Amino acid sequence: MISFAPEHRFVNAGNIRLHVVEAGPAGGKPVILLHGFPDFWIGWRRQIDALASAGFRVIVPDQRGYNVSDKPKGVREYALAKLLGDVVALADALGIERFHLVGHDWGGVVAWTAGAKLPSRLDKLVILNAPHPEALFAHLLRSPTQLLRSSYAAFFQVPVLPEAVLGARHSALLARALRTSSRSGAFLEEEIAEYRQAWQQPGALTGMLNWYRALRFRPSVKEPITTPTLVLWGMQDHALEGGLAERSLSFCNIGRLQPFERAMHWVQREEASAVNAALLTFLDG
């Protein structure tokens, strides 16, 4: 099996410049991997080589606001329509018409939206621990415990203060959040150092938080998802209840849930081998 070293470059995706990591044969079936909060491309580090070695063309952007990608000013620049537009513009810039799309956390929310709005561009859709936008708000109305779990998002709406809190002491709180939301060993200490460096890029904390602040501009995403969909879900997630996975699947015409009973939020790190096997089986099928 051939191993592919990831290659880094910047891509002009519409009016924004994204840092992109690519691996795999240029003629392979494209797979775009979308990270969430407070992640960047290295969140998929344990998937990139497995997919590339299986013959896929793997494309992993730092999404807008993150790491060394562009960080446009203004909350509206982080509305879901803009985030979805980045995926389309990235694919267009790379000459890709149809692709598989895989998203975790906020990247999964973007991927769900793509499933609703862009069926003509997608072959397969994979979601990891990310609720469908409509499912999340419906679930919040019925689950006081989920409302409590999601309360941090309300704090993120406050101007300036969250940046100060999350940036203090070399982003100690964010580093702690990675460790407490995952099983032991999911994040190596040298990786935590890489995360700190990404968070300390100029404007990064505000860009990352603006994803939450732009929630009030979210579009309706009620269209049925016709793209075959696989949902991988760590059932011990502290922030997202398992019921969100089933509720999200109700939007899919062809959807399946694969739960990971011991995994927490970072299922692609905690259960890397099993997640990779699931991805290869589903995307090759």
Side-chain angles (χ1 to χ4, degrees), residues 16 18 34-41 43 61-67 69-87 103-114 116-117 127-141 143-168 171-178 180-182 195-196 198-221 237-241 244 247-248 264-266:
I16 198 166
L18 299 176
L34 301 178
H35 67 79
F37 176 93
D39 212 352
F40 64 115
W41 75 267
D62 285 333
Q63 298 199 77
R64 68 166 61 198
Y66 281 85
N67 195 28
S69 286
D70 280 355
K71 302 167 184 66
K73 296 186 183 299
V75 172
R76 284 185 179 272
E77 289 297 312
Y78 298 85
L80 260 176
K82 296 275 189 180
L83 308 176
L84 183 59
D86 290 346
V87 177
H104 172 248
D105 186 80
W106 255 110
V109 174
V110 176
W112 278 123
T113 307
K117 304 292 187 183
I127 309 292
L128 296 85
N129 281 69
H132 187 289
E134 303 292 340
L136 174 59
F137 285 95
H139 194 76
L140 285 172
L141 295 174
S143 174
T145 53
Q146 182 58 61
L147 192 62
L148 185 62
R149 293 186 189 204
S150 302
S151 59
Y152 66 91
F155 171 63
F156 288 170
Q157 304 303 313
V158 178
V160 182
L161 180 60
E163 282 91 332
V165 171
L166 297 183
S171 296
L173 190 61
L174 282 175
R176 180 175 179 273
L178 294 184
T180 58
S181 61
S182 64
Y195 277 98
R196 291 182 193 267
W199 299 330
Q200 289 166 6
Q201 293 293 324
L205 288 176
T206 296
M208 293 157 56
L209 290 164
N210 278 347
W211 284 54
Y212 288 91
R213 291 165 178 160
L215 274 171
R216 62 184 182 273
F217 306 123
R218 70 183 184 90
S220 171
V221 191
D237 194 322
H238 289 170
L240 299 168
E241 294 179 348
L244 282 166
R247 190 179 290 274
S248 296
M264 298 175 68
H265 183 67
W266 301 89

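Just so we're clear, the structure is a prediction, and the values are computed from it rather than from any experiment. FYI, the numbering just counts along the sequence from 1.
- Residues D86 and V110 have side chains not in contact (no heavy-atom distance under 4.5 Å, counting atoms from C-beta outward).
- Counting heavy atoms from C-beta outward, L84 and K117 have side chains that approach closer than 4.5 Å.
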*Take M208 and L166 through the side-chain contact (heavy atoms from CB on, under 4.5 Å) test and state the conclusion after the steps.*
CA-CA 11 Å; M208 293 157 56; L166 297 183; over 6 Å; no

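- Side-chain N or O atoms of Q63 include none that pairs as donor or acceptor with a backbone N or O of G36 at under 3.5 Å.
- Distance check, rounded to the nearest 0.5 Å: OG of S181 to CE of M264 gives 6.5 Å.
- Between P131 and L240 the shortest side-chain heavy-atom distance falls below 4.5 Å.
- Taking D237 as the reference, N129, H265 meet the side-chain hydrogen bond (donor to acceptor under 3.5 Å, both in side chains) condition, with sequence neighbours excluded.
- Counting all heavy atoms, side chain and backbone alike, A111 lies closest to I127 at CB-CD1, 3.6 Å.
- For the atom pair D62 CG and Q201 CD, the distance stands at 9.5 Å (nearest 0.5 Å).
- The minimum heavy-atom distance between W199 and S171, with the atom names listed, is CE3-CB, 3.4 Å.
- The closest side-chain heavy-atom distance from R247 to H132 is not below 4.5 Å.
- Between K82 and R76, the closest heavy-atom pair is CG-O, 3.7 Å.
- Proximity of D39 to D105: side-chain heavy atoms (C-beta onward) are nowhere separated by under 4.5 Å.
- Annotation: R196, atom CZ; neighbour count of heavy atoms from other residues, nucleotides and ligands within 6.0 Å is above 12.
- Here the closest non-hydrogen pair linking V109 and T113 is O-OG1, 2.9 Å.
- When Y78, Y212, W112 are each tested for a ring-ring contact (aromatic ring centres under 6.0 Å, His included) with W106, only one passes: Y212.
- Checking side-chain atoms of K73 against main-chain N and O of K71 turns up no donor-acceptor pair under 3.5 Å.
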_Steps toward side-chain contact (heavy atoms from CB on, under 4.5 Å) verdict (H35, W41)_ = CA-CA 6 Å; H35 67 79; W41 75 267; 5.6 Å; no

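- Between Y195 and F40, the ring planes lie perpendicular to each other; the angle is over 60°, past the 30° to 60° tilted range.
- For residues 203-214, every residue pair satisfying the salt bridge (Lys or Arg N to Asp or Glu O under 4.0 Å) rule, not counting sequence neighbours, is listed here: E163-R213.
- The minimum heavy-atom distance linking L178 with W266 is given by the pair CD2-CZ2, 3.5 Å.
- Applying the side-chain hydrogen bond (donor to acceptor under 3.5 Å, both in side chains) test to W211 and every residue at least two apart in sequence or in another chain returns nothing.
- When side chains are defined from C-beta on, Y66 does not count as touching L18, because their heavy atoms never get closer than 4.5 Å.
- Contact between L244 and A135 at its shortest, heavy atoms only, is CD2-O, 3.9 Å.
- Counting heavy atoms from C-beta on, the side chains of N210 and E77 never come closer than 4.5 Å.
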